[in-house]
There are 2 protein chains.
Amino acid sequence: MSPKSQAETTRRPRGSLSRAEILQGAFALVSDDGVEAFSMSRLAKKLDIGVMSMYWYFRNKDDLLDALSDEAARRFAELLPDLSGYPWDEHLREYFRAFRRIYREQPVLRDLIIMRAPMQYRSHEALHSYFERLEREIAVLVDAGFTIDAAARAYAVLSIYARGCLINERLFADSGQERNSAEYNAALGQIDFAGMPYLAKVHGVWDPEVAMEGEFEHGLGLIIEGLRSMLEQTAKAPGT
Amino acid sequence: MSPKSQAETTRRPRGSLSRAEILQGAFALVSDDGVEAFSMSRLAKKLDIGVMSMYWYFRNKDDLLDALSDEAARRFAELLPDLSGYPWDEHLREYFRAFRRIYREQPVLRDLIIMRAPMQYRSHEALHSYFERLEREIAVLVDAGFTIDAAARAYAVLSIYARGCLINERLFADSGQERNSAEYNAALGQIDFAGMPYLAKVHGVWDPEVAMEGEFEHGLGLIIEGLRSMLEQTAKAPGT
DNA sequence: ACCTGAACACCGTTCAAGT
DNA sequence: ACCTGAACACCGTTCAAGT
């Protein structure tokens, strides 16, 4: 009956398993059910192996997830579009729009990269290609007149902001399902906005659904505007 | 010998337990050992009660943690300084400096508020006092000439940025201990910066320790600069 | 109404094998 | 060298009591 009935007592031959096969299965599992549903037992069952077999290739669960995040970071980098040719401000805007779009379209990548440690590039190759990307982004800003430091910091600020938005959206999404929309809206309905004239006019904005859409774009514009203002000031200042 | 020897067979009297006592114990436990170390069993042992006793007051672990976050949000609000009297830009800067300082000084609050769902204010009172705070912050910006919408969005952008920085610092802190500093630095050492002239000059900045300190301030200044620039443009535009 | 223990289905990992 | 099952110490929660 079960597909196992044949293999019930068979043991996998020596070279039949591999790091790559485990990672591939893990990626599929996280894709389908999310990181929080991922467990060593479930992966073992999916791959039809003993749980302990994976401990030959990975020290522990965390080590496996780290390798998985590294793989996710590689896939993410491949999805970034080529944006050469834009002026610096449009370049930044499009870069971080693409950044957000990719993570929103592929929740696996978001869960493995954004929601886990900020530095996923543990392997040498991944780290190298990350730095190359960074170098190109910094170059765009330096060519536009920013100092190297200002360029690096600008990229960092925008990254943190974009990551913050994605984390916010994620946390809202999975807490907002049952308990919040009910309890939160009930609590919200009871609020008396009489003493809060300003909030009364915008409190529609605090509806998560409404807020998130415009929010990211607005902050992106704000930070780029700050950069433009900074650039103009330093351009005037030195004089000679 | 053990303090339990007396009470070994005694059963707690009816009114001896309370929501407040459980939350207090839970807060202490999370303070001491962090959220990820928190478990129902540990809390029960600490309070010297049966594990199931807590399920009379809370539906489940998540429900308990939600209530705990609500309590944490209340404590956070009390720690915010009064900043009336500052001009709008200095006000924003000081507000979010205080925001970050509190969470850095009290990791419990950070773990319970920043690292969990973005909307912790489930109870009516907590939500109300949050909105009152929001109203005051928006008022500062509206008085300075911002539209209500721009003011609300400005606050949201700065919140997301500040939260993003705190999350980054947190994730770095607990992943950076053993595995990263060793493996990451090893990988970093192998990188050939020959083809990356800009990064070669700033890559000290990417050392987490160095980066984090100036990073927050820089982004704060950048966003406020963007706001100033926006304010000047709208002030000129309408004319009459 | 309030507190509890036994039992269940999970989890990650150690250890001592098997081949 | 590579794969495995039994066993351990945990976890959250259901259920069926106790008082």
Side-chain angles (χ1 to χ4, degrees), chain A residues 2 4-26 29-30 32-69 116 174-175 178-179, chain B residues 2-26 29-30 32-69 111 116 174-175 178-179:
Chain A
S2 97
K4 240 190 159 185
S5 57
Q6 249 195 13
E8 203 123 40
T9 48
T10 66
R11 193 189 169 95
R12 280 183 86 106
R14 283 275 190 89
S16 66
L17 200 53
S18 70
R19 240 182 105 90
E21 190 185 348
I22 295 171
L23 284 178
Q24 191 186 322
L29 202 56
V30 175
D32 292 344
D33 306 341
V35 240
E36 65 282 350
F38 175 81
S39 82
M40 298 300 267
S41 335
R42 283 156 92 111
L43 181 51
K45 192 180 286 179
K46 182 189 173 75
L47 295 173
D48 196 24
I49 56 175
V51 206
M52 295 316 300
S53 306
M54 297 179 291
Y55 283 79
W56 178 259
Y57 298 92
F58 302 96
R59 278 197 299 275
N60 50 35
K61 187 190 181 185
D62 231 50
D63 189 36
L64 200 163
L65 278 178
D66 281 348
L68 204 57
S69 299
R116 279 172 57 83
D174 74 6
S175 79
E178 338 87 83
R179 63 165 190 227
Chain B
S2 97
K4 240 189 159 188
S5 56
Q6 248 195 14
E8 202 123 40
T9 49
T10 67
R11 193 189 169 95
R12 279 183 87 105
R14 283 275 192 89
S16 65
L17 200 53
S18 70
R19 241 181 104 90
E21 188 184 350
I22 295 171
L23 285 177
Q24 190 185 322
L29 202 56
V30 175
D32 293 343
D33 305 341
V35 241
E36 66 281 349
F38 174 81
S39 83
M40 297 300 267
S41 335
R42 283 155 92 111
L43 180 52
K45 192 181 287 179
K46 181 188 173 74
L47 295 173
D48 196 25
I49 57 175
V51 206
M52 295 315 300
S53 305
M54 297 179 291
Y55 283 78
W56 177 259
Y57 298 93
F58 302 95
R59 278 197 298 274
N60 51 34
K61 186 190 182 186
D62 230 50
D63 189 35
L64 200 164
L65 278 178
D66 281 348
L68 204 56
S69 299
D111 285 0
R116 279 172 56 83
D174 75 5
S175 81
E178 337 88 84
R179 61 165 192 227

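Lettering follows sequence order; numbering is per chain, from 1. For the numbers below, each heavy atom of this structure counts, side chains included, while hydrogens, waters and symmetry mates do not.
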Just how far, in rounded Å, is [atom2] of [N] from [atom1] of [X]?
| X | N | atom1 | atom2 | result |
| --- | --- | --- | --- | --- |
| B:Arg19 | C:dA1 | CZ | P | 17 Å |
| B:Arg12 | C:dG5 | CZ | P | 12 Å |
| A:Arg42 | C:dG12 | CZ | C1' | 15 Å |
| A:Phe38 | C:dC11 | CZ | C1' | 12 Å |
| A:Leu47 | D:dT4 | CG | P | 11 Å |
| A:Tyr57 | D:dC3 | OH | P | 3 Å |

Answer whether the closest heavy-atom distance between the side chains of [X] and [Y] falls below 4.5 Å.
| X | Y | answer |
| --- | --- | --- |
| B:Phe38 | B:Asp111 | no |
| A:Arg116 | A:Asp66 | yes |
| B:Val51 | B:Leu43 | no |

Query raised in the report: Mind checking what makes side chain to side chain donor-acceptor pair (under 3.5 Å) contact with A:Ser16, not counting sequence neighbours?
Result: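 Here the qualifying residues are A:Arg12.
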Report task. Determine the minimum heavy-atom distance between B:Asp63 and B:Arg59, stating which atoms define it. Result -> OD2-N, 3.0 Å
Report summary line: Scanning both residues in full, the closest heavy-atom pair of A:Lys46 with A:Gly25 reads CE-O, 3.6 Å
**Report entry** B:Gln24 atom CD, over 12 foreign heavy atoms within 6.0 Å
**Finding:** no
Indicate, with a heavy-atom threshold strictly under 4.0 Å, whether [X] touches base, sugar-phosphate, or nothing.
| X | answer |
| --- | --- |
| B:Phe58 | nothing |
| B:Ser53 | base |
| A:Ser41 | sugar-phosphate |

Report task. Take B:Phe58 and B:Leu68 through the test side-chain contact (heavy atoms from CB on, under 4.5 Å) and record every step on the way to the result. Result -> CA-CA 11 Å; B:Phe58 302 95; B:Leu68 204 56; over 6 Å; no
**Report entry** Nucleic acid footprint by protein, nucleotides 13-19 of chain C - heavy-atom cut-off 4.0 Å, B for base, S for sugar-phosphate alone
**Finding:** BBB--BB
Query - DNA chain D: 5'-proximal contact among B:Ala37 and A:Ser18 (nearest heavy atom) - result: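 Here A:Ser18 is the residue nearer the 5' end.
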Query raised in the report: Can you tell me how far CG of B:Leu17 sits from CH2 of B:Trp56, rounded to the nearest 0.5 angstrom?
Result: 12.0 Å
**Report entry** A:Trp56 side chain near D:dC3 phosphate (N/O to OP1/OP2, under 4.0 Å)
**Finding:** no
Query raised in the report: Where does DNA chain C pair, written as one dot-bracket string 5' to 3', with Watson-Crick or G-U pairs under 3.5 Å, ( ) inside the strand, [ ] for crossing pairs and | for another strand?
Result: ||.|||||...|||||.||
